[in-house]
Visitor: 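Pasting a structure below so you can have a look.
All figures in this text were calculated on a predicted structure; none of them were measured in a lab. A note on names: the letters A, B, ... follow the listed sequences, proteins ahead of strands, and every chain is numbered from 1.
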Amino acid sequence: MREPNHDIISQLQQDILRMQGFKSSIRADGQHVQLGPINQAFPNNQFPIAAIHEFLAESTHQQSCSLGFVSGILSTLMNPDRVVLWISKDRTCFPPALPSFNIQPDKIIFIDLKKDKELLWTMEEALKCDALAAVVGEISDISFISSRRLQLAVEKSRVTGFVIRRQPRIVDANSFVSRWRISPLPSEPPTNLPGVGFARWKVELLKIKNGKPGAWDVEWRKGKFRIIQVPETVMLERKIV
Amino acid sequence: MGKRFVSISLRHFRTNWFTIQRPGLRSVPFVLANPDRGRLLITQANRLAMNLGVYPGTALADARAMIPSLQAFRDKPAFFSKLLDQLAEYCIRFTPIVATHPPDGLILDGSGCTHLWEGEKRYLDEIKKRFERLGYEVNLAIADTIGAAWAIARFGNFSISEPAQQINELLPLPPQALRLEIDVVERLNRLGLRTIDHFIRIPRAALRRRFGQPFIQRLDQAIGKEEETIEPIHPIEPYQERLPCLEPIVTATGIEIALQQLLETLSHRMQQEGKGLRIAIFKCYRVDGIVESIEIGTNRPSHNIKHLFKLFEDKISTIEPALGIELFILEAKNIEPVVTTASRLWENSKGLNDDEICELLDRITGKFGSTSIRRYLPDEHYWPERSVKLAGSIDQQPTTPWKIDRPRPLQLLSHPDAIQVTAPIPDYPPMLFRYRGKLHKVIKADGPERIEQEWWLGTGEHRDYYVLEDEEGSRFWIFRSGHYGAEIPQQWFLHGYFA
């Protein structure tokens, strides 16, 4: 008799929280980012929503792959009809490519700025705005204090932040929840057909708070992440450029 | 003290307006005409044309037969009724109660105002002078009733009707002066009643039987037996708030307090009228006579004090108070009605229409300019650079769906970069290519996808696009410009990177 009671109570608690406009780390509509086995690396086995994720892009190709991976995650976060702010300088992202990642590009507002300082100010303001689904920022270097400020903004508003670090000069400690590196892998067209196959990446989770880092081969196929194989789980390459 | 009304007859104000716009027309006879039952009918003629015998109501073709060089312009009734309203607003300087009397008249309630101009004669002279300076010919008269003033302004040869004397002064005027219907006037003329004097002593009952009640009413209104009401115009008060200071303000805190107070009063008014501002200017009048001002703009009309204050707050530091500011003025330049949507308490998936997002964008615009914010909509072009267009407004929706039938790279270079390739002809993808000194060996390739130049938009060769993957798995989007040719050097370019 204990079990159903517990269910009802937790259900009621959820309802009360929702009525008060409170967002739990699981989205109110029950959608969470489907990353398959990668989810096991996260605390609570769930992709951290109210947090900032850092992506290291040491080359243009890693930059593209990071954009692809982030777009894949955004497609869930933006569902349905939510807005993303994309803040960058010298932006290269080409909106017509985004529909193949299940994103309506007209739901993304691009902010093109000239200086890092402007970029950080805008990111902080944007991360404070809880009507946004997520904020993507392309910046090369960020100080510990700035990262702390962004993290504090996120903890209050519960917006997801993505910082894509294009050719970072110094990679040192910061207060982001995770650090990723996404690099390209050769694609495999089905049954040896000619041509280029689905986008395939080597996803390395270098750092995660309260979780287990790891590396996976991931393919973006038909609007979903597909994990090709899980190499050795303790592939702790603590090699930080 | 009795009422005194001024009637202003602007018989030629439409032609006058054309003359003001084009001074060259001053010495030329011209008319305004509008299509009416399949011909052009003259609606107004200027004084020169009228001297030559052209009157409103004539067909333009007939008038042209008389004066071959007659110029004609299209009449704009809607515009001129608005112009009349503006002229009425202009007259607010003479009296607080002004009404329009379409099609070409103004009524001013001058009771108790004339002494400010030292008498009625000077009052009328001043009005006349003002209008003539603007370029309008006016006839005007002052009388105890609206009807009498109207009649004397148009048909009398004097302009001041002494108090309570309007009956005597109306007697020699023709019946048209009573603002009657045309057919009533014609009937009176046929009966030989050519002036008001002829019929004013006829018993009322007989007049009513023959000419109807409206005739009696107009007569009574003119001689003052019946009250006539006018509907005065209400000019829109400018959305402006002032705050004079007893002591000059020199600190930022002081400016903030002043701004807060002005915003409260202004947005209170806007809230009640259901309006919001798009552009606002905050002016600070300094003791030394210099005006410092800051301006803000919003993406959507807003009357949210907190939000507007925040927009101004970033710019307060640019104000130099110097010796002090003695007057603050907050002015809303652009006002639009606010569309209020029922706000939901916790659910926040209003998409692009969310107030918070708009307020965030306003702040970004205020700081970095509106050109930093871009939103894209699909455009009906295959040419990659033209396949997106900028959205005009924050909630503009795409008219066509986004295309997903062709592969497009996640990163597009703003300018295609030249590369050196080794490729078998004619249509095979490259085997090798060199970009920025690095040699890439192509393992897998897709293509070509030919995209033709749109000749009506630009010049240049077509492009054959290929998707390539090198031995590291990096995916590229490259194209060859134009056909192969013996003497033309091959033109290959890298244009983007796939994820």
Visitor: If I measure from the heavy atoms of chain A, does B:S474 come under 4.5 Å with its side chain, its backbone, both, or neither?
Guide: both
Visitor: Using non-hydrogen atoms only, which part of A:A126 is less than 4.5 Å away from chain B: side chain, backbone, both, or neither?
Guide: both
Visitor: In chain order, what residues pass the side-chain contact (heavy atoms from CB on, under 4.5 Å) check against A:C129, with sequence neighbours excluded?
Guide: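 Checked A:C129 against side-chain contact (heavy atoms from CB on, under 4.5 Å); matches are A:A131, A:L132, B:E356, B:I357, B:L360.
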Visitor: Got a sec: does the OH of B:Y382 have more than 12 other heavy atoms crowding it under 6.0 Å?
Guide: no
Visitor: Is a donor from one side chain sitting under 3.5 angstrom from an acceptor on the other, for A:T60 and B:Q411?
Guide: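 No donor-acceptor contact under 3.5 Å links the two side chains.
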Visitor: A:V196 and B:V467: which non-hydrogen atoms are nearest, and at how many Å?
Guide: CG2-O, 3.8 Å
Visitor: So which residues of residues 66-74 of chain A are in contact with chain B at a heavy-atom cut-off of under 4.5 Å?
Guide: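 Residues in range: A:L67, A:G68, A:S71.
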Visitor: Which bit of A:Q62 is near chain B, if near means a heavy-atom gap under 4.5 Å: side chain, backbone, both or neither?
Guide: neither
Visitor: Test of understanding: with ring-ring contact (aromatic ring centres under 6.0 Å, His included), list the residues that count as partners of B:F476, not counting sequence neighbours.
Guide: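 Here the qualifying residues are A:H61, B:F433, B:H440, B:Y497.
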Visitor: Restricting to non-hydrogen atoms, name the atom on A:K107 and the atom on B:Q397 that form the minimum distance, rounded to 0.1 Å.
Guide: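 Heavy atoms of A:K107 and B:Q397 come nearest at NZ-OE1, 4.3 Å.
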Visitor: State, with a plain yes or no, whether a side-chain heavy atom of B:T371 is found less than 4.5 Å away from one of A:D112.
Guide: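 Not in contact.
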Visitor: Which heavy atom of B:K444 sits nearest a heavy atom of A:G195, and at what distance?
Guide: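 Here B:K444 and A:G195 meet closest at CD-O, 3.3 Å.
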Visitor: Does atom CZ of A:F198 have more than 12 heavy-atom neighbours from other groups under 6.0 Å away?
Guide: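 Atom CZ in A:F198 is packed in, count exceeds 12.
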Visitor: Would you find more than 12 non-hydrogen atoms of other residues, nucleotides or ligands less than 6.0 Å from B:K403 atom NZ?
Guide: yes
Visitor: Run the ring-centre check on B:W477 versus A:F94 and record whether the distance is less than 6.0 Å.
Guide: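 Aromatic pair excluded; centres sit 6.0 Å or further apart.
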Visitor: Chain B heavy atoms under 4.5 Å from A:W121: which part of the residue, side chain, backbone, both or neither?
Guide: side chain
Visitor: Using non-hydrogen atoms and a 4.5 Å limit, figure out which bit of A:L85 sits close to chain B: side chain, backbone, both or neither.
Guide: side chain
Visitor: Atom NZ of residue position A:K128 - does it have more than 12 heavy atoms of other residues, nucleotides or ligands inside 6.0 Å?
Guide: yes
Visitor: About how many Å separate CD1 of B:I364 and CD1 of A:I109, when rounded to the nearest 0.5 Å?
Guide: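 Answer for the CD1-CD1 pair, A:I109 versus B:I364, is 8.5 Å.
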Visitor: Who are the side-chain contact (heavy atoms from CB on, under 4.5 Å) partners of B:E454, not counting sequence neighbours?
Guide: B:H381, B:W383, B:R386, B:W456, B:L457
Visitor: Measure distances from A:S100 to the heavy atoms of chain B and classify the residue's part below 4.5 Å as side chain, backbone, both or neither.
Guide: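 Contact with chain B is through the backbone of A:S100 alone.
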Visitor: Is A:D106 close to B:W402 at the side-chain level, that is, under 4.5 Å between some pair of heavy atoms?
Guide: yes
Visitor: To the closest 0.5 Å, what do you measure between CZ (B:R374) and CD1 (A:I108)?
Guide: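 It is 15.0 Å, given to the nearest 0.5 Å.
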Visitor: Quick check: closest heavy atoms across B:I404 and A:P99, and the distance to 0.1 Å?
Guide: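 In terms of heavy atoms, the two residues are closest at CG2-CB, 3.2 Å.
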Visitor: Side chain, backbone, both or neither: which part of B:A445 has an atom under 4.5 Å from a heavy atom of chain A?
Guide: backbone
Visitor: If you tally heavy-atom pairs under 4.5 Å against chain B, which of A:G197, A:S183, A:P186, A:C93 wins?
Guide: A:P186
Visitor: Side chains of A:I111 and B:F368: closer than 4.5 Å at any heavy-atom pair?
Guide: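 Side-chain contact under 4.5 Å: no.
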Visitor: For the residue pair A:A199 and B:A499, what are the closest heavy atoms and their distance?
Guide: CB-O, 3.6 Å
Visitor: Run the side chain to side chain contact (heavy atoms under 4.5 Å, CB included) check on A:S187 and B:R475 step by step: do they pass?
Guide: CA-CA 9 Å; A:S187 64; B:R475 286 166 281 269; 3.8 Å; yes
Visitor: Between B:P378 and chain A, with a heavy-atom cut-off of 4.5 Å, which part of the residue counts as in contact: side chain, backbone, both or neither?
Guide: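 The answer is neither part of B:P378.
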Visitor: Taking everything shown except B:R278 itself, do over 12 heavy atoms lie less than 6.0 Å from its CZ?
Guide: yes
Visitor: Is it the case that the side chain of A:E125 and the backbone of B:R363 share a donor-acceptor pair, with hydrogens and angles ignored and the cut-off at 3.5 Å?
Guide: no
